[in-house]
Amino acid sequence: MQTERRGGVGSTLLLVRSALASPARHPRTAVVIGRLLGLGFLVCFGTGLFSHFVQDPLPGMAFPTRPVALYRITQGVHVVVGTALIPLLLAKLWTVYPLLFQWPPVKSLGGVLERAMIALLVAASLVELATGLANTYQWYPWPFRFRETHFALAWAIVGALAIHIAVKLPVIVRWWRRGRSVDAAGALLPVREGEGDLRPEPTASGVTGFLQRRLDGAPVPPPALSRRSVLAATGLATAAVVVTTAGETLPALAPLNVLAPRRLRYGPQGLPINRTAAEAKVQRSALDPAWRLTVRGPERSVDLSLADLRAMAQTDAGLPIACVEGWSTQAAWRGVPVRDLAALVGATGRELLVRSFARGAYSSTILQREFADDPLTLVALELNGEVLHVDHGYPARLISPARPGVLQTKWLRSLEVR
Ligand SMILES: Nc1nc2c(c(=O)[nH]1)N[C@H]1C(S)=C(S)[C@@H](COP(=O)(O)O)O[C@H]1N2
Ligand SMILES: [Mo]
């Protein structure tokens, strides 16, 4: 037999591969899961780019400020879909991994490139999803910077995915439609030459050992897992991770939120906190009666006390805090519009540098023009009908529509035109 002539490794791998044969490992399974994966990765890529650039805009970029929940929606989708991709990716890998057991590992230059590209796609996807998941729990067990890595890997994934889809296009087209994939009784059609490569090499005896069939000719044991049960288990696992985590952003699912890192209404004034005043070491300075908000424009600069700010016209705004890590909560804010403060110092329509008196991460942010000029962007003094809790940024914090939580600077010190 050809398999024997190939020597030990080849026939051993063929045996491994035939032992892994399962009716569930059909190109149709790979296509059904694969197109969900592809769609999910594209959705995460789009929402991820939005999140990236709204935090780090390229010169000339401007962003919509409505709907006010825009970032809440895009980032909620990003994290929920990203979480759902984890069971989907594992199911896809389960379906196709016997393809690794092939000898020789590659047969042509094209094969080398394809394998290298698949290796990149799989590795990048696993790292991307693992780091994304860890990030939602604010867990950074790696030495590299999360955002830069997550961003770079996203491009690698999308590039490799495009090549992967192009290479597999004939298989994808062949098994895309259910009508062309099953017979009248609903059973999957067998895979013929060129219709999908979830099969080992043809053997000398002429038997094409599809992964659905034992190579050694032994009767196929009743499948431990049918294709239906694999798809059902994948769907169930995906639904389970979504239902038990999406409640940190979707109020309707909040009662089922047992796995997500945040509870929708858990925290002072009914809102979660990422960094408390104690952690930021600002408890003392936040309560200092000498606190002033400095507003510096091209014409003049003013120092406003809390009483000065309270004496100005107040605006009420219903705006969410939408953290990049995926949790978000709607809240009622009250305070002085930033545009009114800008007008005091001749800074109308200008981009502002927003500084906190807390040191460390997020101690300053750029408030782009479209946000600085929006009537709902506030120096907030109250939250949900009460004076701002010190953990929420007392004496004053920034709150603006359609922006990530990380840019909603707490414990304000100054707004300035740069
Ligand atoms: N000065 C300062 N502002 C900050 C932060 C911070 O650590 N320091 N955290 C930001 C992040 S990541 C989020 S999600 C929101 C959280 O707001 P909250 O703690 O009031 O819910 O505040 C933002 N503003
Ligand atoms: Mo955040």
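Source: prediction; values computed, not measured. FYI, the numbering just counts along the sequence from 1. In listed order, ligands and their atoms are each counted from 1.
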When you compare the side chain of Y71 with that of S400, does any pair of heavy atoms fall below 4.5 Å? no

Do D288 and S285 have side-chain atoms, one donor and one acceptor, less than 3.5 Å apart?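 Their side chains do not contain a donor-acceptor pair, so the 3.5 Å distance test is not met.
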
Output yes when the distance from some N or O of ligand 1 to some N or O of [X] is under 3.5 Å, and no in every other case.
X	answer
P272	yes
S356	yes
R275	yes

Under a 3.5 Å distance rule, please check whether [X] uses its side chain to pair with a backbone N or O of [Y] as donor and acceptor.
X	Y	value
W333	L319	yes
E370	F63	yes
T377	F371	yes
T234	V230	yes
S356	A358	yes

Interfacing atoms of ligand 1 (cut-off 4.0 Å, heavy-atom, [X]):
X	result
T409	3 (N), 24 (N)
W327	14 (S), 21 (O)
N274	12 (S), 14 (S), 19 (O)
C323	14 (S)
W411	1 (N), 2 (C), 8 (N)
H392	18 (P), 20 (O), 21 (O)

Could R25 and W94 be counted as a cation-pi pair, given that NZ or CZ must be under 6.0 Å from the ring centre and within 45° of the axis?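 R25 over W94 ring: yes.
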
For atom 17 (O) of ligand 1, state which one of R359, R397, R413 supplies the nearest heavy atom.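 Selected option, by shortest heavy-atom distance: R397.
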
Give me the residue, atom name and distance of the protein heavy atom closest to [atom].
atom	value
atom 24 (N) of ligand 1	Q408 O, 2.9 Å
atom 23 (C) of ligand 1	G405 O, 3.1 Å
atom 9 (N) of ligand 1	Y362 CD1, 3.7 Å
atom 19 (O) of ligand 1	K410 NZ, 2.5 Å

Step by step, work out the side chain to side chain donor-acceptor pair (under 3.5 Å) result for N257 and R262. CA-CA 9 Å; N257 170 12; R262 302 285 164 171; over 6 Å; no

